[in-house]
S.K.: 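Dropping a structure here in structure tokens format, bear with me for questions.
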Amino acid sequence: AKPDLGCRGAGVRRLHDHADLADYIADFPAGETIIFQQYIAHEGEAGIFYIRRPNAKTGRIPSITLKYFPWVEGDGRRTLRELIMDDERAGEVPHLYLDRHQDRLDEIIPAGEAVRLAFAGSHSRGAIFRDGSHLVTDAMRATFDEISHALGGFHFGRFDIRFADFEDVRNGRGFTILEVNGAGAEATHIWDARARLGDAYRSLREQYRLLFEIGAANRRAGVRPPSLRSMWRAMRREADLTTAYPPTE
């Protein structure tokens, strides 16, 4: 389950049974819309950033972000809280993990048992991002060209996907799209901890230059953009709702 309006993994949770569903609905803001999706159990997740100029038949993939989910492994001696706090990375950002695992924090984790600390593939929720932009293939581009044309009017954004084998993705198949992010999306490879600040700024400048080019072309074609007032209201509504959603898993 996830909110219809939101970003950065806000309010995303797995529902295992009717009790989970009832709890989620009870905690959800009244009158707002919930999206239910089939759970995709594959560990592989990636963000595929795609750009295609209006009237162009083909686009390009300037960015791929591979997402990894943090785990800790039990040793039969330490509690989950201790494992998190002692972990080299998780111990630096315990606020991302402690609340969502509060029911198990004092439980001693058996030796060899792995506990996944994050479910939502969002950097701000604890997922680890790695730049995979060098893995783009012509087959991938062709597949996302087909998808962008099928969507109608889609020229810029990020497809968040899950997969079992990334080699299949490189061949343009074997993945499920979790969500499609439009003009508000970013090329998330810049959040790789190994990325250099200057390179991140250059990527963002190029991204927004192309975004404004596409927007200008659409306006020349007769598309009317929303007003600044309506944009501001939408941003404020989304920000207010984010704090009211159920906790992210």
Side-chain angles (χ1 to χ4, degrees), residues 1-50 63-72 80 84 89-90 93-105 114-130 132 151 157-164 166 169 175-192 234-249:
K2 64 171 64 172
D4 182 45
L5 179 62
C7 59
R8 295 183 295 277
V12 177
R13 294 193 68 82
R14 283 178 296 180
L15 306 181
H16 300 89
D17 50 36
H18 287 88
D20 285 350
L21 172 61
D23 290 343
Y24 190 87
I25 293 174
D27 291 341
F28 206 81
E32 299 300 328
T33 302
I34 302 171
I35 295 176
F36 297 104
Q37 290 182 310
Q38 178 183 356
Y39 172 56
I40 306 300
H42 301 319
E43 283 298 312
E45 184 164 332
I48 310 294
F49 201 85
Y50 176 89
S63 167
I64 294 179
T65 306
L66 301 175
K67 305 178 182 181
Y68 298 90
F69 300 95
W71 300 75
V72 292
L80 179 57
I84 292 173
R89 182 181 184 277
V93 286
H95 61 283
L96 295 178
Y97 309 119
L98 294 180
D99 284 348
R100 71 184 65 168
H101 295 285
Q102 54 184 318
D103 293 341
R104 300 189 65 188
L105 289 179
V115 178
R116 180 171 167 172
L117 299 181
F119 166 70
S122 172
H123 189 266
S124 63
R125 306 291 171 177
I128 301 168
F129 284 11
R130 291 288 181 255
L151 287 173
R158 191 185 70 250
F159 297 88
D160 290 335
I161 66 171
R162 278 202 171 176
F163 54 88
F166 194 72
V169 181
F175 61 88
T176 299
I177 297 174
L178 299 180
E179 59 185 46
V180 181
N181 304 273
E186 64 187 5
T188 49
H189 73 275
I190 64 174
W191 295 107
D192 186 329
M235 289 172 60
R236 289 306 314 159
R237 179 166 176 258
E238 188 261 330
D240 291 342
L241 283 172
T242 296
T243 62
Y245 291 142
T248 298
E249 182 176 355

S.K.: Can you name the residues that form a side chain to side chain contact (heavy atoms under 4.5 Å, CB included) with D4, not counting sequence neighbours?
M.R.: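 In terms of side chain to side chain contact (heavy atoms under 4.5 Å, CB included), with neighbours along the sequence ignored, D4 is linked to T33, I35.
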S.K.: Is K67 close to I128 at the side-chain level, that is, under 4.5 Å between some pair of heavy atoms?
M.R.: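 In short, these two side chains do not touch, never coming nearer than 4.5 Å.
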S.K.: Establish, for the pair R116 and F69, whether the NZ or CZ atom is under 6.0 angstrom from the six-membered ring centre and no further than 45 degrees off its axis.
M.R.: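 Flagged: R116 positioned over aromatic ring of F69.
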S.K.: R130: what forms a side-chain hydrogen bond (donor to acceptor under 3.5 Å, both in side chains) with it, not counting sequence neighbours?
M.R.: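 So R130 forms a side-chain hydrogen bond (donor to acceptor under 3.5 Å, both in side chains) with D192.
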S.K.: Does the side chain of L80 reach to within under 4.5 Å of the side chain of V72, using non-hydrogen atoms?
M.R.: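 Contact flag for L80/V72 side chains = yes.
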S.K.: Does any N or O in the side chain of R158 come within less than 3.5 Å of the main-chain N or O of G182, such that one atom is a donor and the other an acceptor?
M.R.: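 Looks like no, no N/O pair under 3.5 Å.
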S.K.: Is the closest side-chain heavy-atom distance between H101 and L117 below 4.5 Å?
M.R.: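 Yes; the side chains approach each other to less than 4.5 Å.
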S.K.: Determine which pairs satisfy salt bridge (charged side-chain N to carboxylate O under 4.0 Å, His left out) with at least one residue from residues 234-248, sequence neighbours left out, and list them in order.
M.R.: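 Salt bridge (charged side-chain N to carboxylate O under 4.0 Å, His left out) check on residues 234-248 returns E32-R237, R236-D240.
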S.K.: Output, in order, the C-alpha distance, side-chain angles, deciding distance and verdict of salt bridge (charged side-chain N to carboxylate O under 4.0 Å, His left out) for R162 and E43.
M.R.: CA-CA 7 Å; R162 278 202 171 176; E43 283 298 312; over 6 Å; no
S.K.: Keeping the roles fixed (side chain from T65, backbone from H189), state whether a donor-acceptor pair exists under 3.5 Å.
M.R.: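 Judged by distance alone, yes, a pair lies under 3.5 Å.
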S.K.: Kindly write out the residues that satisfy ring pair (Phe, Tyr, Trp, His ring centres under 6.0 Å) with Y50, not counting sequence neighbours, or none if the list is empty.
M.R.: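 Ring pair (Phe, Tyr, Trp, His ring centres under 6.0 Å) check on Y50 returns nothing, list empty.
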S.K.: Suppose we screen for side-chain hydrogen bond (donor to acceptor under 3.5 Å, both in side chains). Which residues come up paired with N181, at least two apart in sequence or across chains?
M.R.: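 Expected list: D160.
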S.K.: How about F175 and I40: do any of their side-chain heavy atoms sit closer than 4.5 Å?
M.R.: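 No, side chains not in contact.
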S.K.: Check ring pair (Phe, Tyr, Trp, His ring centres under 6.0 Å) between Y24 and all other residues, then give those that pass, not counting sequence neighbours.
M.R.: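 So Y24 forms a ring pair (Phe, Tyr, Trp, His ring centres under 6.0 Å) with F28.
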S.K.: Taking side chain as C-beta onward, heavy atoms only, is R13 less than 4.5 Å from P247?
M.R.: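 Yes, at least one pair of side-chain atoms sits under 4.5 Å.
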